[in-house]
> 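Please find one structure pasted underneath; my questions will follow.
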Amino acid sequence: MERTKILVTGGAGYIGSHAVVELYEAGFQPVIIDNFSNSQQSALAGVEEILGVKIPFHGIDCNDIEAMRAVFAEEGSLKGVIHFAAYKAVGESIQKPLEYYQNNVGSLLTLLQVMREFGVASLVFSSSCTVYGVPDALPVTEQTPTKKANSPYGATKQMCEDILRDVAAAPAGGLRTILLRYFNPIGAHASAKIGELPLGVPQNLIPYVTQTAAGIREKLTIHGNTYDTPDGTNIRDYVHVVDLAKAHVVAVQRLLDGTGDTVETFNVGTGRGNSVLEVVQAFERATGQKLNYTIGPPRPGDVPAIYADVTKSVQKLGFQTSSTLEEALASAWKWQLSLANG
Ligand code: WQD
């Protein structure tokens, strides 16, 4: 039987590459678009090694409407799209707001236009728990009000959500979309052939932890321990990237089945909050590595605590994570070791 073709923008990126693997293994035919602006060719090689097949790839920019039209025309029978392609660094977005709005919002508009021209109706969009800002109550549900974003990056996610709601609500729109609000993705594929590839000094916790354990960084600095949380460090909901990838497969299937509403929003997290200190301890337990760390000042802009209420994802989407924090951290460590080995 012919596989159903799903376009995956940003398919060479951290989450995108894991989603391509899960899509293929679930029987879909992923087609990748990536311009390698923050990803590497090696991710495609890793995906193909895991799957043992070549995956159709187009090295274009999602903002290039003519190139996008050419891909839709050449591929012919695309049934849906997962739009991962975007810039994602909070700090950088404050330095380069125009680039962030142009790339993140502009690429969505271009994609939606081309999808309409080619009659492709189903879209899964990468949103973020950043839309909740500093929540008034925990855990956050999909009904928790969004707050004014504290970075252009966060603002682009909110704007894209608004655009999608409006386009899907238009009478002649035809768009059906699922907005997935990711919490903190961590870890790597069990094969250690794909994983996170941070450029330069990592800003995110887990790559900093694994690089410290590997001796690339001298020590981890924990950004503050005087928050209003049990041990004083920030609390996040760390979700294994393979679990997160699987949420996309479920979402695509739901769109194609037509069982849901025209627009649906789901949190993708574990439903558990862990502090930075708990992550450090879990890493030590999971890997047997001792981690050198120190306590530094709070990082500007950090939300003290956030984690997901996953009731809606479990009940409506039928999605649940399966990995523990230790398993996710062990996979991140295995990936770090495989990077060190070349
Ligand atoms: C996690 C925790 C830090 C590094 C960001 C974006 C979010 C997103 C994922 C985008 C925090 C602490 C970190 C370090 C530390 N989406 N930390 N020392 O900030 O929760 O989320 O990335 O792609 O939108 O805001 O993730 O991994 O940076 O930090 O103590 O060296 O680890 O303070 O509490 P964050 P993170």
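Note that the coordinates shown come from a computational prediction; the quantities given were computed from them, not determined experimentally. Reckoned from all heavy atoms, side chains included, excluding hydrogens, waters and symmetry mates. Atoms within a ligand are numbered from 1 in the order they appear, just like the ligands themselves. Quick note: residue numbers are just sequence positions, from 1.
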> Output the list of atoms in ligand 1 that are nearer than 4.0 Å to some heavy atom of Leu220, sorted by atom number.
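Heavy-atom distances to Leu220 below 4.0 Å select 14 (C), 18 (N), 31 (O).
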
> Tell me, which protein residue and heavy-atom name are nearest atom 1 (C) of ligand 1, and how many Å apart are they?
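Nearest protein contact, heavy atoms only, for atom 1 (C) of ligand 1 is Tyr238 OH, 3.5 Å.
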
> Side chain, backbone, both or neither: which part of Thr130 comes within less than 4.0 Å of ligand 1 when only heavy atoms are counted?
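Just the side chain.
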
> Which atoms of ligand 1 are found less than 4.0 Å from any heavy atom of Ser128?
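Listed by number with element, the hits are 24 (O).
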
> Among all protein non-hydrogen atoms, which one is nearest to atom 15 (C) of ligand 1, and what is the separation to 0.1 Å?
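Here the nearest protein heavy atom works out to His223 CD2, 3.2 Å.
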
> Anything under 30° is parallel, anything over 60° is perpendicular, the rest tilted; go ahead and classify His248 against Tyr182.
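Plane angle over 60°, so perpendicular.
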
> List in chain and number order the residues that pass side-chain contact (heavy atoms from CB on, under 4.5 Å) with Thr321, two or more places apart in sequence or in another chain; answer none if no residue qualifies.
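Val239, Asp243, Thr270, Phe319.
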
> Is the number of heavy atoms from other residues, nucleotides or ligands within 6.0 Å of CG (Asp228) greater than 12?
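Counting other residues, nucleotides and ligands, CG of Asp228 stays at 12 neighbours or fewer.
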
> May I ask you to identify, for Val279, whether its side chain, its backbone, both or neither come under 4.0 Å of ligand 1 on a heavy-atom basis?
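Neither; no heavy atom under 4.0 Å.
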
> Between Lys312 and Glu264, is there a side-chain N and carboxylate O pair less than 4.0 Å apart?
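No, this pair does not count.
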
> Students should be able to answer this: which protein heavy-atom is nearest to atom 19 (O) of ligand 1, and at what distance?
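Among all protein heavy atoms, the one nearest atom 19 (O) of ligand 1 is Arg299 NH2, 2.8 Å.
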
> Tyr153 near ligand 1, heavy-atom distance under 4.0 Å?
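Judged by the 4.0 Å heavy-atom criterion, Tyr153 does count as contacting ligand 1.
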
> Would you mind telling me if ligand 1 is within reach of the side chain of Lys88, the backbone, both or neither, using heavy atoms under 4.0 Å?
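The answer is both, backbone and side chain.
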
> Determine whether more than 12 heavy atoms belonging to other residues, nucleotides or ligands lie under 6.0 Å from atom NZ of Lys96.
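Count not over threshold, so no.
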
> Enumerate the atoms of ligand 1 whose separation from the nearest heavy atom of Val276 is less than 4.0 angstrom.
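With Val276 as reference, the close atoms of ligand 1 come out as 12 (C), 30 (O), 32 (O), 34 (O).
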
> Identify the closest protein heavy atom to atom 4 (C) of ligand 1: which residue and atom is it, and at what distance?
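Atom 4 (C) of ligand 1 sits closest to the protein heavy atom Gln203 O, 3.5 Å.
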
> Would a hydrophobic clustering, with Ile, Leu, Val, Met, Phe, Trp and Tyr connected at side-chain separations under 4.5 Å, put Val310 with Val242?
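No, separate clusters.
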
> Just jot down the side-chain hydrogen bond (donor to acceptor under 3.5 Å, both in side chains) partners of Ser42, sequence neighbours excluded, or say none.
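Ser42 satisfies side-chain hydrogen bond (donor to acceptor under 3.5 Å, both in side chains) with no other residue.
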
> Relative to the heavy atoms of Thr221, which atoms of ligand 1 are at a distance of less than 4.0 Å?
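Counting atoms of ligand 1 from 1, those under 4.0 Å from Thr221 are 14 (C), 15 (C), 18 (N), 30 (O), 31 (O).
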
> Can you tell me the protein heavy atom closest to atom 27 (O) of ligand 1 and the distance?
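That would be Leu205 N, 2.8 Å.
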
> So, are Arg285 and Glu326 salt-bridged, with charged N and O less than 4.0 Å apart?
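Salt bridge between Arg285 and Glu326, a charged N being under 4.0 Å from a carboxylate O: yes.
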
> Are more than 12 heavy atoms from other residues, nucleotides or ligands located less than 6.0 Å from atom CZ of Arg116?
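No, CZ of Arg116 has 12 or fewer neighbouring heavy atoms, counting only those of other groups under 6.0 Å.
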
> State whether any protein heavy atom lies less than 4.0 Å from atom 13 (C) of ligand 1.
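For atom 13 (C) of ligand 1 the answer is yes, since some protein heavy atom falls inside 4.0 Å.
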
> What I want to find out is whether Lys157 reaches Glu161 closely enough, with some N-O distance under 4.0 Å, to be called a salt bridge.
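Looking at Lys157 and Glu161, the cut-off is not met.
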
> Between Phe57 and Phe36, is the ring centre distance below 6.0 Å?
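Yes, the ring centres sit under 6.0 Å apart.
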
> Please could you name the atoms of ligand 1 that Asn234 approaches to less than 4.0 Å, counting only its heavy atoms?
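Those atoms are 11 (C), 33 (O), 34 (O).
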
> Is ligand 1 under 4.0 Å from a heavy atom in the side chain of Arg236, in the backbone, in both, or in neither?
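Only the side chain of Arg236 comes within reach of ligand 1.
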
> Would you mind checking which non-hydrogen protein atom is closest to atom 22 (O) of ligand 1, with the distance to 0.1 Å?
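The closest heavy atom on the protein side is Asn204 ND2, 3.2 Å.
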
> Using a 4.0 Å heavy-atom threshold (strictly under), name the region of Tyr14 that reaches ligand 1: side chain, backbone, both or neither.
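It is neither part, as no heavy atom is under 4.0 Å.
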
> I'd like to know if the side chain of Asn267 pairs up with that of Asp309 as donor and acceptor (distance under 3.5 Å, no hydrogens or angles considered).
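Asp309 and Asn267 do not have a side-chain donor-acceptor pair below 3.5 Å.
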
> Tell me, please, whether Phe183 has Arg272 positioned over its six-membered ring: NZ or CZ under 6.0 Å from the ring centre and within 45 degrees of its axis?
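No, Arg272 and Phe183 do not form such a contact.
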
> In terms of atom number and element, which parts of ligand 1 are under 4.0 angstrom from non-hydrogen atoms of Val90?
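Per the distance check, 6 (C), 25 (O).
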
> For ligand 1, does Asp302 get within less than 4.0 Å through its side chain, its backbone, both, or neither, judged by non-hydrogen atoms?
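Asp302 to ligand 1: side-chain contact only, backbone stays beyond 4.0 Å.
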
> Test of understanding: given a 4.0 Å heavy-atom threshold, classify the contact between Ile206 and ligand 1 as side chain, backbone, both, or neither.
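Ile206 to ligand 1: no contact under 4.0 Å from either part.
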
> For atom 21 (O) of ligand 1, what's the nearest protein heavy atom and its distance?
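The closest one turns out to be Asn184 ND2, 3.8 Å.
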
> Which atoms of ligand 1 have any heavy atom of Ile222 under 4.0 Å away?
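That gives atoms 30 (O) of ligand 1.
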
> Taking C-beta and beyond as the side chain, do Val276 and His223 meet within less than 4.5 Å on heavy atoms?
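With C-beta onward as the side chain, the pair stays apart.
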
